[in-house]
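Report on the structure given below.
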Number of protein chains: 2
Amino acid sequence: MTTLPELEKIKRCTMPFRELNRVLFQLRTLDADRVGITPQQLMVLNEVRNNPGIGLDQLSEHVQLASSTLSGIVDRLVKSDLLRRERSTRDRRQLELHLSPSGLEKLQEAYDPEKSVLLQRMAVALEMPAQDIETMIRIQNQFLARLRGTEELERT
Amino acid sequence: MTTLPELEKIKRCTMPFRELNRVLFQLRTLDADRVGITPQQLMVLNEVRNNPGIGLDQLSEHVQLASSTLSGIVDRLVKSDLLRRERSTRDRRQLELHLSPSGLEKLQEAYDPEKSVLLQRMAVALEMPAQDIETMIRIQNQFLARLRGTEELERT
DNA sequence: TTATAACATTTCGTATGCGAAACATTTTTA
DNA sequence: TAAAAATGTTTCGCATACGAAATGTTATAA
């Protein structure tokens with residue numbers, strides 16, 4: 001059986017990851033609530049604004065959610081007139097997602113730099129030394145690669 | 001409006017966190033499926049095994065889930081005879097959770113070091129230089145503190 | 001050219017996951 | 001001592017969240 005000290009080490013390594021996702025969710029919820037959508041919807045709107053015409057499979061990679069999950073979120077956003085869903089004429093399997101005018105407005109209101117709690121807290125977080133942030137990301141990606149069993153590919 | 005480069009930087013910093021949680025979930029799912037429970041149930045069983053008698057509010061902190069969420073997960077685990085739920089005699093608001101014999105057995109089977117994908121991949125990940133892991137955790141905690149607006153407390 | 005495989009999305013069933021509200025209990029305040 | 005506040009848990013309503021299966025479409029193999 002894996003020893004308790006080993007389990008504690010695992011715990012210690014993985015807790016910051018769980019904690020950060022939770023904090024992000026809560027900060028995003030503050031902005032989302034203010035404009036009457038959910039935090040996941042806000043995240044999706046933001047991602048579509050940054051990648052107009054994106055399909056579900058790509059969006060899935062960008063936001064790290066299953067495509068089945070995204071299908072439902074997108075459905076609700078389309079029904080609320082915040083997103084437009086089109087089929088690609090080149091490949092009818094593929095969706096092309098776009099923000100609607102009211103979706104863009106909603107996004108701009110949520111992420112108004114003077115009101116957005118998420119953006120303000122992120123700005124503070126990103127004031128950390130750039131070298132520290134780069135180091136953290138580098139080690140995280142190495143850690144991830146090992147967990148995935150793809151560590152060879154990350155050795156650069 | 002927050003500039004695109006700033007949004008991309010935010011994205012770059014937060015993606016590893018989302019990715020790691022997803023990978024952890026998927027690895028835990030492999031172990032959980034093998035013994036017929038869900039990944040969250042497995043995580044809760046593990047935490048209760050390491051903290052016998054723990055209550056929901058404490059458990060909430062340990063696993064970073066809302067107590068309302070945990071209430072449901074515990075309910076299902078009790079119904080499956082994998083956990084025992086008792087009320088504290090000192091404070092009747094407080095639960096005291098314990099693994100049942102079959103819960104312990106299920107946990108040991110899931111986290112059998114020779115079968116557990118999560119433990120094996122974690123072992124590989126933890127073979128990274130200890131200094132790297134410490135550095136990652138330190139910077140993550142500083143990042144978290146800033147996001148929470150409690151960065152003063154982390155300055156040591 | 002046809003059959004098979006792969007891809008992208010949707011649907012389904014079940015388990016989360018959250019915050020707010022409700023309830024019971026304990027602690028603190030007046 | 002009684003009222004108010006705080007704590008711990010449960011319930012509620014709704015939105016995820018996932019993997020598996022189904023569906024339609026495109027690409028590849030035979």
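Letters A, B, ... are given to chains in the order of the sequence lines, protein chains preceding strands, and every chain is numbered from 1.
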Surrounding CZ of A/Arg12 (heavy atoms of other residues, nucleotides or ligands, distance under 6.0 Å), is the total greater than 12? no
Tell me if a side-chain donor or acceptor on B/Arg28 pairs with a main-chain N or O of B/Gln40 at a distance below 3.5 Å. no
Once you apply a heavy-atom cut-off of 4.0 Å, does A/Ser67 come out as touching a base, just sugar-phosphate, or nothing? base
Rounded to the Å, how far apart are A/Leu59 CG and C/dT10 C1'? 15 Å
Both A/Leu70 and B/Phe25 contact DNA chain C. Taking the nearest nucleotide for each, which residue is further toward the 5' end? A/Leu70
Measure from CG on A/Leu65 to C1' on C/dG17 and round the result to the nearest Å. 13 Å
Measure up the A/Phe17 and B/Phe17 rings against each other and bin them: parallel (under 30°), tilted (30 to 60°), perpendicular (over 60°). tilted
Those residues of residues 92-106 of chain B lying under 4.0 Å from DNA chain C by at least one heavy atom: B/Arg92, B/Arg93
Between the side chains of B/Asp31 and B/Ser116, is a donor N or O closer than 3.5 angstrom to an acceptor N or O? yes
If we ignore hydrogens and angles and just use 3.5 Å, is the side chain of A/Arg84 paired with the main-chain N or O of A/Ser100 as donor and acceptor? no
Less than 4.0 angstrom between a side-chain N/O of B/Thr38 and OP1 or OP2 of C/dT16, yes or no? yes
For the backbone of B/Glu114 and the side chain of B/Gln120, can you confirm whether one donor and one acceptor N or O come within less than 3.5 Å of each other? yes
Just by distance, do the side chain of A/Ser88 and the backbone of A/Arg90 share a donor-acceptor pair under 3.5 Å? yes
A/Arg34 side-chain N/O to A/Ala110 backbone N/O, donor-acceptor pair under 3.5 Å: yes
Side-chain (B/Arg87) to main-chain (B/Glu96) donor-acceptor, under 3.5 angstrom: no
Near DNA chain C, which residues from residues 76-87 of chain A have a heavy atom under 4.0 Å away? A/Arg85, A/Arg87
How many whole angstroms separate atom CE of A/Met43 from atom P of D/dA15? 16 Å
With the side chain of B/Asp91 defined as its heavy atoms from C-beta on, choose the nearest nucleotide among D/dT26, C/dT26, C/dC18. C/dT26
So, does B/Arg22 get its side chain near the phosphate of D/dC18, meaning an N or O under 4.0 Å from OP1 or OP2? yes
Rounded to the nearest angstrom, tell me the gap between atom CD in A/Gln26 and atom P in C/dC18. 8 Å
Let me know the distance between CD1 of A/Ile37 and P of D/dC14, rounded to the nearest Å. 19 Å
How is B/Ile73 classified with respect to the nucleic acid when contacts are heavy atoms under 4.0 Å: base, sugar-phosphate, or nothing? sugar-phosphate
Quickly work out the A/Leu42 CG to D/dT16 C1' distance and round it to whole Å. 15 Å
Does a distance-only test, which skips hydrogens and angles, find a donor-acceptor pair under 3.5 Å between the side chain of B/Ser68 and the base of C/dG17? no
Phosphate OP1/OP2 of C/dT16: any B/Gln41 side-chain N/O under 4.0 Å: yes
In terms of the nearest nucleotide of DNA chain C, which residue is placed more toward the 5' end: A/Asp33 or A/Ser71? A/Ser71
With a 4.0 Å cutoff (strictly under), does any side-chain N or O of B/Gln40 reach OP1 or OP2 of C/dG17? yes
Quickly work out the B/Arg18 CZ to D/dT16 C1' distance and round it to whole Å. 12 Å
Tell me the interatomic distance from B/Arg28, atom CZ, to C/dT16, atom C1', rounded to whole angstroms. 14 Å
Residue closer to the 5' end of DNA chain D, A/Thr89 versus B/Asp57 (nearest nucleotide): B/Asp57
Using a 3.5 Å distance criterion without hydrogens, assess whether the side chain of A/Asn141 forms a donor-acceptor pair with backbone atoms of A/Ile137. yes
